[in-house]
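Only a predicted model underlies this, so the values are computations on that prediction, with no experimental measurement involved.
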Amino acid sequence: MELVKAALAEALRLLRLQAPPTSLQDPGTLGPPRDRYACGHFLLLLLLLLDRGSRAIRLMHCLPSSPAAPPGLPPTCSPSLVSRGTQTEAEMEVEASPGPPGLSNGPPAPPGGSEEPSGTQSEGGGSSSSGTGSPGPPGILRLAQPPQRIDAPRRNSSSSSPSERPRQKLSRKAASSANLLLRSGSTESRGGKDSLSSPGGPGSRRSNYNLEGISVKMFLRGRPITMYIPSGIRSVEELPSGPPPETLSLDWVYGYRGRDSRSNLFVLRSGEVVYFIACVVVLYRPGGGPGGPGGGGQRHYRGHTDCVRCLAVHPDGVRVASGQTAGVDKDGKPLQPVVHVWDSETLLKLQEIGLGAFERGVGALAFSVADQGAFLCVVDDSNEHMLSVWDCSRGTKLAEIKSTNDSVLAVGFNPRDSSSIVTSGKSHVHFWNWNGGTGIPGNGMLTRKQGVFGKYKKPKFISCFVFLPDGDILTGDSEGNILTWGRSLSDSRTPGRGGAKETYGIVAQAHAHEGSIFALCLRRDGTVLSGGGRDRRLVQWGPGLVALQEAEIPEHFGAVRAIAEGPGSELLVGTTKNALLRGDLAQGFSPVIQGHTDELWGLCTHPFQNRFLTCGHDRQLCLWDGEGHALAWSIDLKETGLCADFHPSGAVVAVGLNTGRWLVLDTETREIVSDITDGNEQLSVVRYSPDGLYLAIGSHDNMIYIYSVSSDGAKSSRFGRCVGHSSFITHLDWSKDGNFIMSNSGDYEILYWDVAGGCKLLRNRYESRDREWATYTCVLGFHVYGVWPDGSDGTDINSLCRSHNERVVAVADDFCKVHLFQYPCAHAKAPSLVYGGHGSHVTSVRFTHDDSHLISLGGKDASIFQWRVLGAGGTGPVPTTPSRTPSLSPASSLDV
């Protein structure tokens, strides 16, 4: 292949050497016959196919288009190329032309310096096909000592013979290659990643031609991204490279997982309410009286590595068992489901049960009661829904059996007899008898007796049950009925295996609710509470299933999911719309914990208050009070909200939707003051300028729409459009003077815009290297390129935010983690502090106005975490480290 390319280059050279210009031609131009030009273009096309690089393209630009080319400088050729008619092909590769009008990739060439090639390539590697503005200076790959301009007649009458010219050209080629190697420098010295995508040997790595101290380069999916170093930074190595002195402590978790889980709400002996969301088990102490406002405080057990699915409280009211689902780690390796038994007072993990024994996840679990909680019963989410019994103190399995192929929704020990276990779920109630096998691991046996419905209609789901003091069992089903089950002997004429056997049959039925019954709760006075789905009613039942009292849950909170009895007459109710209510049947209920019900994406913080706003796929726009830890207000957007931003005055907020619409709402009255549509694709970012005079809207139609905004933010008028990105807009930031925008796109472009000058694309991005930005949320840029992990595919980081004091950078990644980096973060694979807790990809992070807290959003887990930012000398728990196995020390799981 090298011989073929050399032969083509020699043929091209011989074509140039033929027939020197005649006296009729201008001595400063080349004028070979037309057939030689056609042959030359053909040879260059072959070179392009063989080399697959930019060398042949630059040769094409520098070749005259016709024999009648006018005297002077061709439009696509640099002066140095025109002045050297006998220049070799290798010299043209190093001495690049500025190319057609387009984006400039670098700074003006310093005297005797070298620059890299120019063209229309963006800083992020994508091409920009439109936009206006003055072209940048020539590109940045020139010889260290540019050749002097020589008169054409003297050039053509050189004393060198034709046989000596090839030797001179080879010498010049060697010299230019040596200069190139001296100037290129190593990627390691520039702090960038090595090129993993450049094919061939070192000579084909054209993307690495960077000036030392001018730029750094990283690669995402094989695409080079060039970022220019600010002039105030003499060397990247001088920047701090360690983790930041600031740390994060989990302060509050907004939300409750009631939408798709059961066994998720209990009251501990301490009076704390225990529930879960994402990977965190929350211990909440309510404030105020029954039905009063929320407040109180939270503690968090954070030992789980994936989403928690179910809870059980030990009879002592202190120990808690929590089961998690299976997941995958950062490298795609499966994480095994497990049950943690932990102390709610110290938040220390006491026992890890079933690691490697469960499949997919832990669906339901329960402690035994009759023997002071010595055993734990677990049902996993495998196809056979394996039922197993474990010794809590030793963590050993005593018995295991396949329960059913249908889903199992609840499990429990008979409080009077630990050898009796009940499971219920899809179209079944199973009564199990467990022979403990004298405590020998694996020696116990489980036998099943199926509940007989007889003349009663078999419901589709039996979702819950409770044991009555007299030994009977009440079940709630999807038909809205409460069934009473009692023991009876089957007819001796129809014996089972081993003769007549005891069975469980329905002895009474009461129609309690319209729609499903999701929860049953036995109160201390012996009465039973039932919670309805469709009718949202709470009903208290006396002996004989006589209704005593009832209350209805407001519709916007959803159906009743779980019920727990608090002190006195107080009740706590979890709902299917992820709300936790507190109150009683007489006075009604009010929310103490609220949350979203679907994937979250939009987040913005108030400019001067400790408040923040969220929106997502549940179409709810919510304003949260970060000091009171409560929901201030919420409205229904009717469409999916994906992004939001407060006006600097705080009086209005702009919200971008998935249909191309964006709204402006008054934060006090919640009224929509503006409703505008730009395009028909989703909006990914909205951002007000620091002075509040402009609003920028980034869309998936590859455009940034700019609007002029009135002083109060209520009125907007189209100012212009920023056109030039070749993919959808992902992030954007305003400069501190409010005149310029930096933007990122889905194909990893970094572009800069002069908004005040007419929304013009700034073609010379080198000139923007010293510009100061009011916010820094773009995930691509010199100041933050170190946050990207090694081997990233470009989608690993969803959101980024620099603190207002410009000391740290928070990052939301695709692996359920929040990172804290030092700012600027300009070292490849920079170290960070890593914090877990989210059970899904983290979609957004933002600092509050005074940098006292950081807000992070979970995606599918619909959780909102409020982190307290602790200074270098602050007190608080030791930050978590990137570890897949949770530590047993309280520092890793205790946040007060």
Side-chain angles (χ1 to χ4, degrees), residues 248 250-255 277-278 594-626 629 631-635 637 640-647 650 652-658 662-663 665 667 682-688 696-698 729-733 775-779 797-804 809-814 816-820 835 837-838 840-867 869:
L248 299 179
L250 187 57
D251 181 41
W252 198 267
V253 176
Y254 299 85
I277 182 171
Q594 290 178 268
H596 285 270
T597 59
D598 208 341
E599 188 170 358
L600 293 176
W601 280 97
L603 170 66
C604 62
T605 54
H606 197 278
F608 50 84
Q609 295 179 3
N610 193 10
R611 290 188 165 197
F612 58 94
L613 187 140
T614 58
C615 57
H617 288 199
D618 62 358
R619 303 182 178 184
Q620 295 295 311
L621 180 68
C622 299
L623 180 67
W624 304 90
D625 181 1
H629 304 132
L631 179 66
W633 54 257
S634 66
I635 64 170
L637 294 173
T640 299
L642 298 177
C643 50
D645 193 38
F646 278 100
H647 187 270
V652 297
V653 63
V655 182
L657 308 179
N658 66 333
W662 56 275
L663 312 174
L665 295 93
T667 56
Q682 70 182 47
L683 305 180
S684 52
V685 56
V686 293
R687 186 86 70 238
Y688 282 100
I697 301 165
I729 312 301
T730 58
H731 307 83
L732 65 85
D733 290 293
T775 59
Y776 212 117
T777 60
C778 287
V779 297
I797 294 179
N798 298 316
S799 178
L800 177 150
C801 183
R802 181 193 67 191
S803 62
H804 297 86
V809 171
V811 170
D813 72 12
D814 233 19
C816 315
K817 298 295 187 291
V818 174
H819 299 253
L820 202 63
Y835 300 88
H838 285 289
S840 176
H841 52 288
V842 187
T843 57
S844 188
V845 287
R846 289 292 182 271
F847 285 95
T848 55
H849 70 101
D850 57 358
D851 293 332
S852 62
H853 292 84
L854 175 73
I855 310 299
S856 62
L857 300 185
K860 295 290 187 180
D861 62 25
S863 63
I864 305 172
F865 286 9
Q866 180 173 311
W867 306 84
V869 180

To check you understand the geometry: which heavy-atom pair defines the closest contact between [X] and [Y], and what is its length?
{"X": "L732", "Y": "A696", "value": "CD1-CB, 3.9 Å"}
{"X": "W662", "Y": "G656", "value": "CB-CA, 4.2 Å"}
{"X": "A278", "Y": "F865", "value": "CB-CZ, 4.4 Å"}
{"X": "V653", "Y": "C604", "value": "CG2-SG, 4.1 Å"}
{"X": "D645", "Y": "R687", "value": "OD2-CA, 3.4 Å"}

Exercise for review: List the steps and the verdict of side-chain contact (heavy atoms from CB on, under 4.5 Å) for N610 and W624.
Suggested key: CA-CA 9 Å; N610 193 10; W624 304 90; over 6 Å; no
Measuring from [X]:[atom1] to [Y]:[atom2], what's the distance to the nearest 0.5 Å?
{"X": "F646", "Y": "L613", "atom1": "CZ", "atom2": "CG", "value": "5.0 Å"}
{"X": "H804", "Y": "S852", "atom1": "NE2", "atom2": "OG", "value": "10.5 Å"}
{"X": "L623", "Y": "C615", "atom1": "CG", "atom2": "SG", "value": "12.0 Å"}
{"X": "H606", "Y": "T848", "atom1": "NE2", "atom2": "OG1", "value": "12.5 Å"}
{"X": "D814", "Y": "I797", "atom1": "CG", "atom2": "CD1", "value": "10.0 Å"}
{"X": "L631", "Y": "C622", "atom1": "CG", "atom2": "SG", "value": "5.0 Å"}

Review point. Could you walk me through whether F612 and Y254 pass the side-chain contact (heavy atoms from CB on, under 4.5 Å) check?
Key: CA-CA 12 Å; F612 58 94; Y254 299 85; 3.8 Å; yes
Exercise for review: Assign the ring pair W252 / H629 to parallel, tilted or perpendicular, where the plane angle (0 to 90°) is split at 30° and 60°.
Suggested key: parallel
Holding to side chain to side chain contact (heavy atoms under 4.5 Å, CB included), I want the full list of residues that pass it with [X], two or more places apart in sequence or in another chain.
{"X": "N658", "result": "E639, T640, L642, Q682"}
{"X": "D598", "result": "R259, H617, D618"}
{"X": "L600", "result": "H596, L857, I864"}
{"X": "A812", "result": "S799, V842, V845"}

Review point. Do the side chain of D251 and the main chain of Q866 share a donor and acceptor less than 3.5 angstrom apart?
Key: no
Check your understanding: Is there a donor-acceptor contact under 3.5 Å linking the side chains of R611 and T667?
Key -> no
**Study point:** Residues N798 and T843: side-chain donor-acceptor under 3.5 angstrom
**Key:** no
**Study point:** ring-ring contact (aromatic ring centres under 6.0 Å, His included) partners for H731, two or more places apart
**Key:** none
Review point. So do L665 and I635 actually touch side chain to side chain, heavy atoms under 4.5 Å?
Key: yes
Check your understanding: With a 4.5 Å limit on heavy-atom distance, are the side chains of V818 and L854 in contact?
Key -> yes
Practice item. Taking the six-membered ring for Trp and the full ring for Phe, Tyr or His, determine whether the centres of H849 and F608 are under 6.0 Å apart. Key: no
Exercise for review: Before giving the answer on side-chain contact (heavy atoms from CB on, under 4.5 Å), spell out for F847 and V869 the whole-Å C-alpha distance, their side-chain angles and the decisive distance to 0.1 Å.
Suggested key: CA-CA 9 Å; F847 285 95; V869 180; 4.1 Å; yes
Practice item. Please name all residues satisfying side-chain hydrogen bond (donor to acceptor under 3.5 Å, both in side chains) with S863, sequence neighbours left out, ordered by chain then number. Key: H838, D861
Check your understanding: What's the verdict on side-chain contact (heavy atoms from CB on, under 4.5 Å) for Y776 and V809, showing C-alpha distance, side-chain angles and the deciding distance?
Key -> CA-CA 9 Å; Y776 212 117; V809 171; over 6 Å; no
